[in-house]
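Only a predicted model underlies this, so the values are computations on that prediction, with no experimental measurement involved. Side chains included, hydrogens not; waters and symmetry mates left out as well; all remaining heavy atoms used.
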Amino acid sequence: MPLSIFGFRALWSPYFFLALVLLLILYFLVTVKFRHRFANSEPLHKKEALFFSSAILVLYLIKGSPLDLMGHLMFYAHMIQMGVLYLVVPILFIYGIPKWMWRSFIALPIVKPLFRFFTKPLIALIFFNGLFSFYHIPLIFDVIKVDMTLHTVYTIILFFFAICMWWPLITPLPEQQRLSGLKKVGYIFADGILLTPACALIIFADAPMYATYSDPHAWGQALALCVPTGTLAGLNLSGPEMFNSMSLLHDQQLGGVIMKIIQEIVYGYVLALVFFEWYRKEQSENEAENQLMNPRTVE
């Protein structure tokens with residue numbers, strides 16, 4: 001059955017689109033037009049604007065496009081959303097927000113102690129991976145997926161901890177660097193290990209675990225979060241099998257595999273960046289030492 005039966009609003013989330021457009025406009029107003037009104041502000045770099053704009057675009061694609069609706073119909077689409085939302089978008093936002101804005105935000109009296117605590121490497125790893133795994137416990141998952149308030153709050157909290165998790169690795173602020181060299185490599189490996197149990201639970205399950213994808217009543221409640229009530233009431237739907245040719249179990253297993261693949265690609269890319277950054281730093285330090293040991297003589 002085609003997704004078009006759910007209507008334009010469910011497919012393209014126009015209100016969410018407008019909210020993101022307003023956020024993007026506000027970003028450029030603060031960083032360009034009214035930048036001089038803020039203390040210690042700096043000119044906006046093209047890379048920062050590109051990263052932030054990309055973050056807004058990707059955020060809309062996973063939470064405002066038909067993929068969001070598909071995430072309520074097919075578990076594998078939901079896991080694509082999860083992987084991109086928490087492993088890709090935070091990186092884009094961290095690089096997209098100018099350094100002076102990060103410093104101003106972190107310096108706020110309420111924010112400073114909390115941000116400092118939750119971005120400690122060990123704390124960040126435990127909270128992000130713990131909350132991510134906790135979310136995918138079937139009992140918790142099914143409760144959150146059918147309640148708009150719980151779903152919104154948990155998404156925001158998990159996104160915050162995703163930023164905290166990435167911060168020790170890719171912070172743009174030199175004074176916030178807590179890890180260097182091989183410690184960053186170890187941090188990435190630890191992150192991958194801690195995320196594996198949640199993926200393994202989904203991949204190797206021998207039966208569908210989530211009622212919001214297997215029970216028609218719970219599925220209908222979850223679908224109501226993204227489809228207008230009037231539209232949903234006019235449709236005669238029996239369950240997610242109407243939109244997915246795969247069995248529920250295969251759909252679930254595919255979701256776990258996709259999540260793991262996204263994790264490996266993103267972590268592998270960041271690992272490569274960290275390794276080459278560490279290698280270049282070691283090379284430059286060795287060259288500096290060689291120059292000190294063998295100073296050039298001026299004739």
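- In this structure, E48 does not pair ionically with K99, as no charged nitrogen and carboxylate oxygen lie closer than 4.0 Å.
- Here Y213 and W219 keep their ring centres 6.0 angstrom or further from each other.
- Between the Y60 side chain and the F16 main chain, no donor and acceptor come within less than 3.5 Å of each other.
- For the residue pair T155 and K63, no side-chain donor N or O sits within less than 3.5 Å of a side-chain acceptor on the partner.
- Ring centroids of F243 and F6 are separated by less than 6.0 Å, placing the two rings close together.
- The shortest side-chain heavy-atom distance between K260 and T196 falls under the 4.5 Å cut-off.
- In this structure, F8 is a member of the same hydrophobic cluster as L232, with clusters built from ILVMFWY side-chain heavy atoms closer than 4.5 Å.
- Ring to ring, H78 and F141 are close: their centroids are under 6.0 angstrom apart.
- In this structure, Y187 contributes its side chain and M165 its backbone to a donor-acceptor pair below 3.5 Å.
- For L195 against Q263, the heavy-atom pair with the smallest separation is CD2-OE1, 3.6 Å.
- L249 and L73 fall into different hydrophobic clusters, where Ile, Leu, Val, Met, Phe, Trp and Tyr residues are linked whenever their side-chain heavy atoms come under 4.5 Å apart, directly or through other members.
- Judged purely by distance below 3.5 Å, without hydrogens or angles, the side chains of E241 and S238 pair a donor atom with an acceptor atom.
- For W167 and F118, the gap between ring centers reaches or exceeds 6.0 Å.
- Put simply, the residue from L271, I188, V185 that forms a side chain to side chain contact (heavy atoms under 4.5 Å, CB included) with L169 is I188.
- The two residues H151 and I144 make their nearest non-hydrogen contact at CB-O, 3.5 Å.
- Listed by chain and number, the residues in a side chain to side chain donor-acceptor pair (under 3.5 Å) with Y95 amount to none (sequence neighbours excluded).
- At a threshold of 4.5 Å between non-hydrogen side-chain atoms, the residues L59 and V84 do not count as touching.
- Using modelled atom types and a 3.5 Å distance limit, the side chains of Y210 and D142 yield no donor-acceptor pair.
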